[in-house]
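The structure under discussion appears below in the form of structure tokens.
This structure is a prediction, so every number in the text was calculated from the model and none was measured. Note that ligands are numbered from 1 as they come in the structure, with each ligand's atoms numbered from 1 the same way.
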Amino acid sequence: ATEISWWHAMGGQLGEILEEMTQDFNESQDDYHVTPSYRGTYTETMTGAIAAFRANEQPHILQVFEVGTGTMMNAKGAIYPVYELMEAHGRAFDNEAFLPAVVGYYTDTNGNMLSFPFNSSTPIMYYNRDMFEEAGLDPEQPPETWQEVADFSRQIVESGAASCGFTTSWPSWVMLENFSAWHNLPLGTLENGFGGMETELNFNNELVARHWDNLHDWQEEGVFKWGGPGSGPDSEPMFYSQDCAIFFGSSASRADVAANSEFEVGFGMQPYYADVEGAPQNSIIGGATLWAMQGHSDEEYEAVAAFFEYLSQPEVQAQWHQQTGYLPITQAAWDLSQEQGYYEDNPGADISLKQMTLNEPSENSKGLRFGNFVQIRDIISEEMEAVMTGDKSGQEAADDAVERGNDLLRDFEAANQ
Ligand SMILES: O=P(O)(O)OC[C@H](O)CO
């Protein structure tokens, strides 16, 4: 069989589910064999692949998180656009089959899909229903606004049900990128970068500054706990261990939350500030897509195309969605999950979809497309951390993040003229 390698960043339960899914493909036929390889975090996986490409040791398939999209799209000699790959090997690939939010995020200006949509997520709220009850709160009523998050958290901490109200993973993704879309506010000019490389970040508005200041104040008060920059690695464990009663994280934390939580879990939408007109708008996707890398043989690309076709089958997609909490990225997988009664049997499993489709996306809420955004996101979470340590106000940190981020955008523009 033709061997192909797949570098990915799925650890924990997600990694196990991915391994099983690949094994199913390998066992479904005799011509191709895919070997998945866990390469650490999304950033580590992407950095490792860039180094491997320079040494001509790149895998056939690389999983890249959504913020790496702008960089990958411009890495012309390194990537084999997926629409070309599928066409060259006579495999079905229909943009229309994917949910509009996914297609919009990953197509180039000509409407071509450059990478293969695989695991798209969106941040949701998880809460400990047992703790809500213990604190005298109604477990059927998760907080809807940030005011309620703060009030409920205070009640939880004061009642002794938990030592912390809430925490968050991926602080930039949740508390800036999705926060902005949810409140219909821009991250940058030119439709958050979709309109061209001359885009400039401009998210340093009053609401973002206010929210970051609030996070700081809530932390001082003991209501909020910072789980670290980047992916916020400490936050999910604080939810499992019942330190924090509420956790904001990827819809795909669902698999790990289910496996590790010895309590009843509730699910809710992202909160909003009630004084912001038009909020909540809609949430944006995260997660990752699969990129085919240049430098391999035709025979091997034939195998990659066959694997991608397999992954987009409704049954395979629906199973992945249901096991992980990632979105059903095709309409057929969504319909199938509905027919199978998945949402009825699993209350809260459709929160991610409700958030994505709450309103027709505006130019502030269809996603983001910035070059060098992997590095820019690191800067944003570093600046947010400076707010948490009391070194900067929300406004100072947002201003500095915008200024430093714009320098990286200009570097990217200059390098890709
Ligand atoms: O944990 P994931 O795969 O849902 O991804 C979350 C963020 O979008 C990563 O950039």
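Residue-to-ligand polar distances place G287 within reach of ligand 1: an N/O pair is separated by less than 3.5 Å.
For ligand 1 and Y326, the ligand atoms under 4.0 Å from any heavy atom of the residue are 2 (P), 3 (O), 4 (O). Listed by number with element, the atoms of ligand 1 under 4.0 angstrom from any heavy atom of S250 are 1 (O), 2 (P), 4 (O). Distances below 4.0 Å separate heavy atoms of R377 from the following atoms of ligand 1: 9 (C), 10 (O).
More than 12 non-hydrogen atoms from other residues, nucleotides or ligands lie less than 6.0 angstrom from CD of Q340.
The pair E191-K366 meets the salt-bridge criterion, since a charged nitrogen lies less than 4.0 angstrom from a carboxylate oxygen. Taking 4.0 Å as the cut-off between side-chain N and carboxylate O, R404 and D399 do not count as a salt-bridged pair. Between R369 and E66, no side-chain nitrogen of the basic residue sits less than 4.0 Å from a carboxylate oxygen of the acidic one, so the salt-bridge criterion is not met.
In this structure, Y301 has its ring center closer than 6.0 angstrom to the ring center of Y80.
Nearest protein heavy-atom contact of atom 9 (C) of ligand 1 is E66 OE1, 3.4 Å.
When the heavy atoms of G286, S121, S352, S120 are ranked by distance to atom 4 (O) of ligand 1, first place goes to S121.
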